[in-house]
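Okay, so here's the structure we're looking at.
Counting convention: from 1, in listed order, for ligands and their atoms alike.
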Amino acid sequence: MGLLEGKKALIFGVANERSIAWAIARALKNEGAECAFTYATERLKERVENLAHSVGSDIVLPCDVTKDEEIETVFSTVKDRWQTLDVLIHSVAFAKKEELKGKLLDTSREGFQIAMDVSVYSLIALTKEAAPLMQQDGSIITLTYLGSQKVVPNYNVMGVAKAGLEATVRYLAEDMGPQGVRVNAISAGPVKTLAAMGISGFGEILKRVEEKAPLRRNITQEDVSGVALFLASPLSRGVTGEIIYVDSGYNIMGL
Ligand code: NAD
Ligand code: IMJ
């Protein structure tokens with residue numbers, strides 16, 4: 001018997017086979033969960049459908065998380081198909097690329113609003129819609145990064161957004177706790193995904209982790225999905241509102 005036999009998981013944030021959300025989907029599926037997926041733009045539709053089919057999933061729905069109507073349609077479809085939901089994976093972030101270089105000082109009002117809407121408000125919006133479907137023992141998981149707590153060059157408005165996301169996790173944990181639903185974040189170390197492409201100095205950041213982190217290596221998507229599986233399963237039944245680092249220990253170092 002798998003750890004998640006009979007459980008139903010809705011996954012936001014698969015763009016391709018390198019996506020952290022995809023590694024999480026495979027880990028949940030391996031333990032017996034059924035998965036449903038959403039994709040952000042038409043351009044991603046076919047790729048996400050193919051990935052979904054490869055894990056035996058036929059619920060694949062469009063959802064730009066800045067659109068309330070699309071979010072509503074996703075949850076009404078999931079309600080029709082499944083009636084209930086056990087696990088929600090939020091693996092979504094976006095800032096305009098001009099905001100991810102230079103100084104935070106140069107962030108535009110619009111750039112700030114977009115980063116906050118896609119990367120932070122979306123967790124509130126998805127949790128609100130998921131709440132009526134989620135059972136006792138439900139689990140909501142989001143992804144964050146150390147740039148929320150410490151200054152990381154170029155992360156800028158995303159660092160501010162991730163700080164907001166981490167605070168959101170704590171408040172939502174309090175809101176959802178009474179109905180037995182837990183809300184946690186995984187703070188992943190740098191991984192080569194679409195969200196890390198084209199970031200200047202990414203190679204040096206990976207090298208720094210290898211030199212400095214206690215485990216002296218970078219993390220993989222599978223390192224993250226192992227912890228996501230723990231957070232999705234009853235093994236973590238007493239854990240909520242936490243930010244769990246999966247970063248080879250990099251964050252604990254002072255120098
Ligand atoms: P990724 O590019 O595969 O995933 C990001 C996802 O966000 C994509 O699927 C994209 O379609 C989705 N997205 C963007 N705008 C959206 C919108 N408006 N509506 C719906 N979806 C939208 O990259 P990833 O590295 O797997 O990123 C997943 C999460 O992990 C993000 O929250 C990211 O901040 C976080 N994270 C990544 C790293 C890293 O180094 N890659 C480290 C720590 C945390
Ligand atoms: C992103 C920017 C700057 C430094 C960065 C990152 N470091 C890491 C990331 C050091 C690890 C990746 N990360 C943790 C993210 O959350 C990335 C979010 C992101 C990436 C892009 C790239 C393409 C784009 N918009 C983006 N919005 C958010 O146009």
The closest protein heavy-atom partner of atom 21 (C) of ligand 2 is Leu100 CD1, 3.6 Å
Has Glu31 got a side-chain atom pairing as donor or acceptor with Gly2's backbone, closer than 3.5 angstrom?
no
Among Phe202, Tyr155, Tyr145, whose heavy atom sits nearest atom 15 (C) of ligand 2?
Tyr155
Does any N/O atom on Ala195 come nearer than 3.5 Å to any N/O atom on ligand 2?
no
When you measure from atom 25 (N) of ligand 2 to every protein heavy atom, which one gives the shortest distance, and what is it?
Ala95 O, 2.7 Å
Arg26/Glu222 salt bridge by N-O under 4.0 Å criterion:
yes
Six-ring centre of Phe202, Lys192 cation under 6.0 angstrom, axis tolerance 45°
no
Under 3.5 Å, side chain of Asp117 to main-chain N/O of Thr66, donor-acceptor pair present?
no
Near Asn154 (heavy-atom distance under 4.0 Å), the atoms of ligand 2 are 3 (C)
Expected output: side-chain Gln83 to main-chain Asp80 donor-acceptor under 3.5 Å:
yes
Looking only at protein heavy atoms, what sits closest to atom 1 (C) of ligand 2 is Ile199 CD1, 3.2 Å
Atom indices of ligand 2, in the order listed, that fall short of 4.0 Å to a heavy atom of Ile205
10 (C)
Rounded to the nearest 0.5 Å, the CE atom of Met176 sits from the OG1 atom of Thr127 at a distance of 6.5 Å
Enter the distance from Ser57:OG to Glu49:CD here, rounded to the nearest 0.5 Å.
10.5 Å
Distance under 4.0 Å to a non-hydrogen atom of Lys97: what atoms of ligand 2 satisfy this?
29 (O)
Output all residues satisfying side-chain hydrogen bond (donor to acceptor under 3.5 Å, both in side chains) with Glu166, sequence neighbours left out; order by chain, then residue number.
Thr144, Ser148, Gln149
Output the set of protein residues with a heavy-atom contact under 4.0 Å to ligand 1, ordered first by chain identifier and then by residue number.
Gly13, Val14, Ala15, Ser19, Ile20, Ala40, Leu44, Cys63, Asp64, Val65, Ser91, Val92, Ala93, Phe94, Val118, Leu143, Thr144, Tyr145, Lys162, Ala188, Gly189, Pro190, Val191, Thr193, Leu194, Ala195
Pair Ile59, Phe37 - check side-chain contact (heavy atoms from CB on, under 4.5 Å), show working.
CA-CA 6 Å; Ile59 310 181; Phe37 297 86; over 6 Å; no
What class does the angle between the rings of Tyr155 and Tyr145 fall in, given that below 30° is parallel, 30 to 60° is tilted and above 60° is perpendicular?
perpendicular
Classify the contact between Phe94 and ligand 2 as side chain, backbone, both or neither, using a heavy-atom distance cut-off of under 4.0 Å.
both
Greater than 12 external heavy atoms within 6.0 Å of Arg216's CZ:
yes
Does the protein put any heavy atom within less than 4.0 Å of atom 23 (C) of ligand 2?
no
